[in-house]
Student: 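The structure under discussion is supplied below as structure tokens; questions concerning it will follow.
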Amino acid sequence: MVSCSISFPIQDRKSARKPSIWTRRNRWDKNPTEARQNYQKKPETEDRSENIAIHPYWWSSQIHRSLRFQESDEGVRTFKQRCERRSVVAAKRSGDAGVGWSVEKVGDRHRNWKKLRDLSMKSDNRICADCSGSDPKWVSANIGVFLCLKCSDIHRSLGANTSKVLSLTLDEWSESDMESVLEVGGNSYANSIYEAFLPRDYLKPKPDASNEDKTKFIRSKYVLQEFLTPSLRIVSSKSSFQSVDSSKSSSSFGSKNSNKNVEAGEFIGNLKVTVVRGTNLAIRDMLTSDPYVILMLGQQKAQTTVKNSDLNPVWNEELKFSIPQHFGTLKLQVYDHDYISADDIMGEAEIDLQAMITAALAYGHVDVQGKMQVGKWLKMNDNALIEDSFVNVVNGKIKQEVHLKLQNVECGEMELQLEWLSMDE
């Protein structure tokens, strides 16, 4: 049955003989029978929003048709694509407008979140890393441990530089936070580092321990680092590594231009830098250049040999530096050697040692066979990296490969390899 409204034109209301049917299309249909037939056909051929009423069986047929389509393979694919598009829109609204979001990035985020949830369900992560309390719902993202509510409050009081606390159920996680926790691997791996030298007679706080006892243990474990190997402890006001100008330490080691001898107690380790090669270096002579590389760490300085008439030189030369407790960036400069005039600079770059030394102090005494990633230096707009640089444990050695684009020059790239050495190597 078709529902409609029947009315007469105002000007012909008294004299009209046949009723007419008014539609939202603002026309008069003089033939009611033809109008009813048009109403029954319009839902299939025209926009249904233009009709006052639609056949009652039309909606049910459309619903059944939609359900059958969703059950089909094509319907499932379309539904997934629609959900992905909605996820991308939500990501754009919540994230930075300048970020180039894509379905792949959203998919990676979902996969990382699933991995994080699976990691939280492992048996060693079902208890608090510090007091063994059950069912922890909080995580220290930069340390990589799962925590109970009381211990998470203590971690939060240490400051985000020491422990960045996030909730598994309440907080929004960034991709870097998820990757940081996944790289550590949970409580057992983190405790194998932070409690490596925990005295056997030392009693860890229980879940019902007082807040003072828990605070004392957590500060000793993460801030004072009393349970690490003595050579791994870092003397710093913030417990995390703080990059400062290492020139204050007035140190020099393993350099061709050595200045002073400093007691070994002021260093935390040694760093071997292998200058591998240069690529597409700038021209400073008529058609070529005679490049060499200078590396500087504070007052320490080391230099490679000169490669005559070579814009793609291969050095494979090893330079060695000692790392003070307060270290800065490793500065790299490439020069063109001239016999008559002053040497011309061919570009420069800075290497952030934070990821390397953090990983070395944490994993340097851990016997890991094979290869395992333990750190990462991310490519950013304000650094010279060509791609992300990963710190790996390779057969017990801490190593890092670095690919740099030279700065303040028209062209040129450098490839280096870093390796951590203990004080006795």
Side-chain angles (χ1 to χ4, degrees), residues 112-171 173-174 176-229 232-234 236 238-241 358-359 361-368 372-376 393:
N112 285 341
W113 180 249
K114 184 178 183 302
K115 291 179 182 179
L116 180 62
R117 297 292 295 182
D118 293 341
L119 182 64
S120 67
M121 298 304 294
K122 290 187 176 181
S123 58
D124 57 326
N125 298 325
R126 296 296 297 164
I127 60 174
C128 177
D130 296 331
C131 73
S132 301
S134 61
D135 197 22
K137 297 295 185 183
W138 301 84
V139 182
S140 174
N142 53 343
I143 297 177
V145 292
F146 293 79
L147 306 167
C148 67
L149 177 60
K150 293 182 179 180
C151 290
S152 68
D153 290 338
I154 299 173
H155 274 254
R156 194 177 288 108
S157 67
L158 302 178
N161 290 331
T162 301
S163 183
K164 182 179 180 181
V165 179
L166 295 173
S167 170
L168 284 171
T169 57
L170 302 176
D171 292 327
W173 284 65
S174 67
S176 60
D177 290 334
M178 287 188 283
E179 290 178 353
S180 177
V181 176
L182 293 174
E183 287 177 4
V184 174
N187 292 349
S188 61
Y189 291 96
N191 283 342
S192 67
I193 302 301
Y194 286 97
E195 298 180 4
F197 287 82
L198 184 69
R200 293 183 179 180
D201 56 348
Y202 192 100
L203 297 178
K204 291 181 60 175
K206 301 295 183 181
D208 56 352
S210 64
N211 190 64
E212 290 77 11
D213 291 340
K214 289 185 178 181
T215 301
K216 180 181 178 181
F217 173 74
I218 290 173
R219 289 187 62 84
S220 299
K221 180 178 178 180
Y222 300 107
V223 179
L224 302 178
Q225 301 175 350
E226 293 180 355
F227 311 129
L228 288 172
T229 307
L232 298 182
R233 297 172 191 168
I234 310 158
S236 174
K238 291 186 177 181
S239 81
S240 61
F241 296 100
T358 301
L361 296 180
Y363 294 90
H365 290 257
V366 178
D367 186 13
V368 178
M372 181 180 72
Q373 180 183 328
V374 293
K376 180 165 56 175
V393 180

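Being a predicted model, the structure only gives us computed values, none of them experimental.
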Student: Within the 4.5 Å heavy-atom criterion, are Lys214 and Asp130 side-chain neighbours or not?
Tutor: no
Student: In Å, rounded to the nearest 0.5 Å, how long is the span from NZ of Lys164 to OG of Ser176?
Tutor: 6.0 Å
Student: Using salt bridge (Lys or Arg N to Asp or Glu O under 4.0 Å) as the criterion, list what pairs up with Lys150, not counting sequence neighbours.
Tutor: none
Student: How long is the gap from OH on Tyr189 to CG on Asp124, to the nearest 0.5 Å?
Tutor: 8.5 Å
Student: Using the ring-ring contact (aromatic ring centres under 6.0 Å, His included) criterion, which residues pair with Tyr194? Sequence neighbours excluded.
Tutor: Tyr222
Student: Does the side chain of Cys148 reach to within under 4.5 Å of the side chain of Pro207, using non-hydrogen atoms?
Tutor: no
Student: Give the minimum heavy-atom separation between His155 and Val165, together with the two atoms involved.
Tutor: CB-CG2, 3.6 Å
Student: Strictly distance-based, threshold 3.5 Å: is any side-chain N or O of Ser140 a donor or acceptor partner for the main-chain N or O of Ser163?
Tutor: no
Student: For Ser210, enumerate each residue passing the side chain to side chain contact (heavy atoms under 4.5 Å, CB included) test, keeping only those at least two apart in sequence or located in another chain.
Tutor: Glu212, Asp213
Student: If you take all heavy atoms of Leu168 and Ser120, which pair is closest and at what distance?
Tutor: CD1-CB, 4.0 Å
Student: Quick one: does Val139's side chain get under 4.5 Å of Trp173's, heavy atoms only?
Tutor: yes
Student: Is there a side-chain contact between Ile143 and Val184, using heavy atoms and a 4.5 Å cut-off?
Tutor: no
Student: What are the two closest heavy atoms between Gly186 and Phe146, and how far apart are they?
Tutor: CA-CE1, 4.2 Å
Student: Okay, side chain of Ser180, backbone of Asp177: is any donor-acceptor separation there less than 3.5 Å?
Tutor: no
Student: Between CG of Leu198 and CG of Leu203, what distance do you get to the nearest 0.5 Å?
Tutor: 9.5 Å
Student: With a 4.5 Å cut-off on side-chain heavy atoms, are Met121 and Arg126 touching?
Tutor: yes
Student: Answer yes or no: is there a donor N or O on one side and an acceptor on the other, between the side chain of Asn187 and the main chain of Val145, under 3.5 Å?
Tutor: no
Student: Say you draw a straight line from CG of Leu116 to CG of Asn112; how long is it, rounded to the nearest 0.5 Å?
Tutor: 8.5 Å
Student: Between Tyr202 and Phe227, what is the ring plane arrangement, given parallel below 30°, perpendicular above 60°, and tilted in between?
Tutor: perpendicular
Student: How many angstroms lie between CD in Glu183 and NZ in Lys376, if you round to the nearest 0.5 Å?
Tutor: 5.0 Å
Student: To the nearest 0.5 Å, what is the distance between CD (Glu179) and CD (Gln373)?
Tutor: 8.5 Å
Student: Please identify each residue that fulfils side chain to side chain contact (heavy atoms under 4.5 Å, CB included) with Lys137, with sequence neighbours left out.
Tutor: Asp135
Student: At their closest point, which heavy atom of Cys131 faces which heavy atom of Cys128, and how far apart are they?
Tutor: N-SG, 3.6 Å
Student: Under the rule for side chain to side chain contact (heavy atoms under 4.5 Å, CB included), what residues qualify as partners of Thr215, not counting sequence neighbours?
Tutor: Ile154, Asn211, Arg219
Student: With sequence neighbours excluded, what pairs up with Ser167 under the side chain to side chain contact (heavy atoms under 4.5 Å, CB included) test?
Tutor: Trp138, Thr169, Leu170, Asp171
